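Before I ask anything, here is the structure I am working with.
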Amino acid sequence: MDLPAATRFSKKLVAAGFLSFGGFHPDEDDQVPAPKNGKPARTVLMIGSAGQSFWQSYRQTSEATDGKSDPMDRFTRRVLTNLAGEFGLTPLFVFDGPPYYPIQRWALKCGGFTQSPFGLLAHAKYGPWAGLRAAFVSPIHFETSEKLGSPGPCGACQEKPCISACPVNAISLKDGYDVPRCLAYLRDTPDAACWAGCLARHACPIGKDVAQAPDHARFHMESFAKLA
């Protein structure tokens with residue numbers, strides 16, 4: 001992708017409420033499927049969202065109000081499939097599966113991410129509010145802006161406020177994220193503050209300016225409670 005095409009791609013991505021978290025050049029161990037034209041995968045871009053623009057874009061679409069299942073996934077698929085096709089890229093979505101693509105592992109290879117104690121990846125700029133949505137695969141090798149393998153924020157964080165913020169101690173460095181305990185608390189406590197956004201997530205000092213609004217957070221919390 002040359003510079004003019006990359007600029008157009010970035011503008012259209014942002015206009016639709018998404019952004020790129022950088023990319024990497026895959027090898028065989030990364031298990032990246034070949035693009036639709038059958039040529040080898042040469043570059044992978046990690047596509048996602050952070051901040052309110054994604055939520056605002058989604059809420060203005062028919063998917064948000066048609067009453068059908070998986071509205072946000074359908075919105076994401078429609079918009080990103082069209083955008084990828086325009087630039088000769090093949091989209092791979094986080095919700096496709098099982099089997100699911102190793103999206104988190106690919107993002108870690110991109111750089112700027114670390115695994116947080118509560119399961120989500122945390123980004124050096126956006127903290128735990130970087131939402132991974134898809135990977136775009138290209139048969140063309142082009143340079144990316146991220147420093148491959150550069151660390152995210154969790155390794156340098158000494159206080160780990162995300163752990164102490166959880167009201168039911170569902171997070172620990174030793175055992176990670178106890179999903180059943182978290183779910184049980186949500187289901188038994190309909191007025192829990194967590195419904196307006198995970199308290200552990202909000203406790204992270206990185207990316208507070210792109211934290212989800214309460215209605216956005218509740219959408220995801222309700223989806224999580226239904227799916228898990």
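Keep in mind that what you see is a predicted model, and the values were worked out from it rather than measured. Values reported hereafter were calculated over all heavy atoms of this structure, with side chains retained and with hydrogens, waters and symmetry mates removed.
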Flag, side chain of Thr61 to backbone of Tyr58, donor-acceptor distance under 3.5 Å
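Yes; judged by distance alone, with no hydrogens or angles, the pair exists.
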Residues that Asp70 engages under salt bridge (Lys or Arg N to Asp or Glu O under 4.0 Å), provided they are two or more places apart
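Applying salt bridge (Lys or Arg N to Asp or Glu O under 4.0 Å) to Asp70 gives none.
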Output all residues satisfying side chain to side chain contact (heavy atoms under 4.5 Å, CB included) with Thr189, sequence neighbours left out; order by chain, then residue number.
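Partners of Thr189 under the side chain to side chain contact (heavy atoms under 4.5 Å, CB included) test: Tyr185, Asp191, Ala192.
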Would you call the rings of Phe95 and Phe93 parallel, tilted or perpendicular, taking 30° and 60° as the class edges?
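Ring orientation of Phe95 relative to Phe93: parallel.
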Ring pair (Phe, Tyr, Trp, His ring centres under 6.0 Å) partner of Phe113, the single match among Trp106, Phe21, Phe24:
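Option passing the ring pair (Phe, Tyr, Trp, His ring centres under 6.0 Å) with Phe113: Phe21.
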May I have all residue pairs that pass side-chain hydrogen bond (donor to acceptor under 3.5 Å, both in side chains) and include part of residues 157-172, sequence neighbours excluded?
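Those involving residues 157-172 do not exist here.
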Please check if the number of heavy atoms outside Lys208 that lie under 6.0 Å from its NZ is greater than 12.
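Check passes, neighbour count above 12.
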With sequence neighbours left out, what residues match Glu222 under side chain to side chain contact (heavy atoms under 4.5 Å, CB included)?
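If we apply the side chain to side chain contact (heavy atoms under 4.5 Å, CB included) test to Glu222, skipping adjacent residues, the hits are Trp195, Arg218.
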Is there a donor-acceptor pair closer than 3.5 Å between any side-chain N or O of His25 and the backbone N or O of Phe142?
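Yes: the side chain of His25 pairs with the backbone of Phe142.
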Look at the side chain of Thr114 and the backbone N and O of Cys154, then say whether any donor-acceptor pair between them is shorter than 3.5 Å.
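Yes, the answer is positive, given that a donor and an acceptor are paired below the 3.5 Å cut-off.
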Can you name the residues that form a salt bridge (Lys or Arg N to Asp or Glu O under 4.0 Å) with Asp29, not counting sequence neighbours?
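If we apply the salt bridge (Lys or Arg N to Asp or Glu O under 4.0 Å) test to Asp29, skipping adjacent residues, there are no hits.
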For the pair Phe224 and Cys182, evaluate side-chain contact (heavy atoms from CB on, under 4.5 Å) and give the outcome as yes or no after the intermediate values.
CA-CA 11 Å; Phe224 163 64; Cys182 173; 4.0 Å; yes
Name the atoms and distances for all side-chain donor-acceptor pairs under 3.5 Å in residues 47-54, with sequence neighbours left out.
| unit_1 | atom_1 | unit_2 | atom_2 | d |
| --- | --- | --- | --- | --- |
| Ser49 | OG | Arg133 | NE | 3.2 |
| Ser49 | OG | Arg133 | NH2 | 3.2 |
| Gln52 | NE2 | Ala211 | O | 3.1 |

Find the distance between SG (Cys162) and CG (Leu173) and round it off to the nearest 0.5 Å.
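If we round to the nearest 0.5 Å, Cys162:SG and Leu173:CG are 7.5 Å apart.
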Once salt bridge (Lys or Arg N to Asp or Glu O under 4.0 Å) is applied, do any residues pair with Asp175, and if so which ones, sequence neighbours excluded?
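Listed in chain order: nothing, the list is empty.
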Sequence-distant partners of Arg78, salt bridge (Lys or Arg N to Asp or Glu O under 4.0 Å), two or more places apart:
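Counting only residues at least two positions away or on another chain, Arg78 forms a salt bridge (Lys or Arg N to Asp or Glu O under 4.0 Å) with Glu63.
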Please list all pairs meeting side-chain hydrogen bond (donor to acceptor under 3.5 Å, both in side chains) that have one or both residues in residues 86-98, counting only residues at least two apart or in different chains.
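Counting only pairs at least two positions apart or across chains, the side-chain hydrogen bond (donor to acceptor under 3.5 Å, both in side chains) contacts touching residues 86-98 are Lys12-Glu86, Arg77-Asp96.
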Identify every side-chain donor-acceptor pair in residues 134-141 under 3.5 Å, counting partners at least two apart or on other chains, and give the distances.
| unit_1 | atom_1 | unit_2 | atom_2 | d |
| --- | --- | --- | --- | --- |
| Ser138 | OG | Ile140 | N | 3.0 |
| Ser138 | OG | Ile140 | O | 3.3 |

Option from Arg201, His202, Met221 for which side chain to side chain contact (heavy atoms under 4.5 Å, CB included) with Gln212 holds:
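Checked Arg201, His202, Met221 against Gln212; only one passes side chain to side chain contact (heavy atoms under 4.5 Å, CB included): Arg201.
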Please identify each residue that fulfils side chain to side chain donor-acceptor pair (under 3.5 Å) with Asp30, with sequence neighbours left out.
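Partners of Asp30 under the side chain to side chain donor-acceptor pair (under 3.5 Å) test: Lys109.
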If a pair satisfies salt bridge (charged side-chain N to carboxylate O under 4.0 Å, His left out) and one of its residues is in residues 44-61, list it, with sequence neighbours excluded.
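Listed by first then second residue: Arg59-Asp215.
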State the SG-CG distance between Cys204 and Leu120, to the nearest 0.5 angstrom.
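Reported value, rounded in 0.5 Å steps: 10.5 Å.
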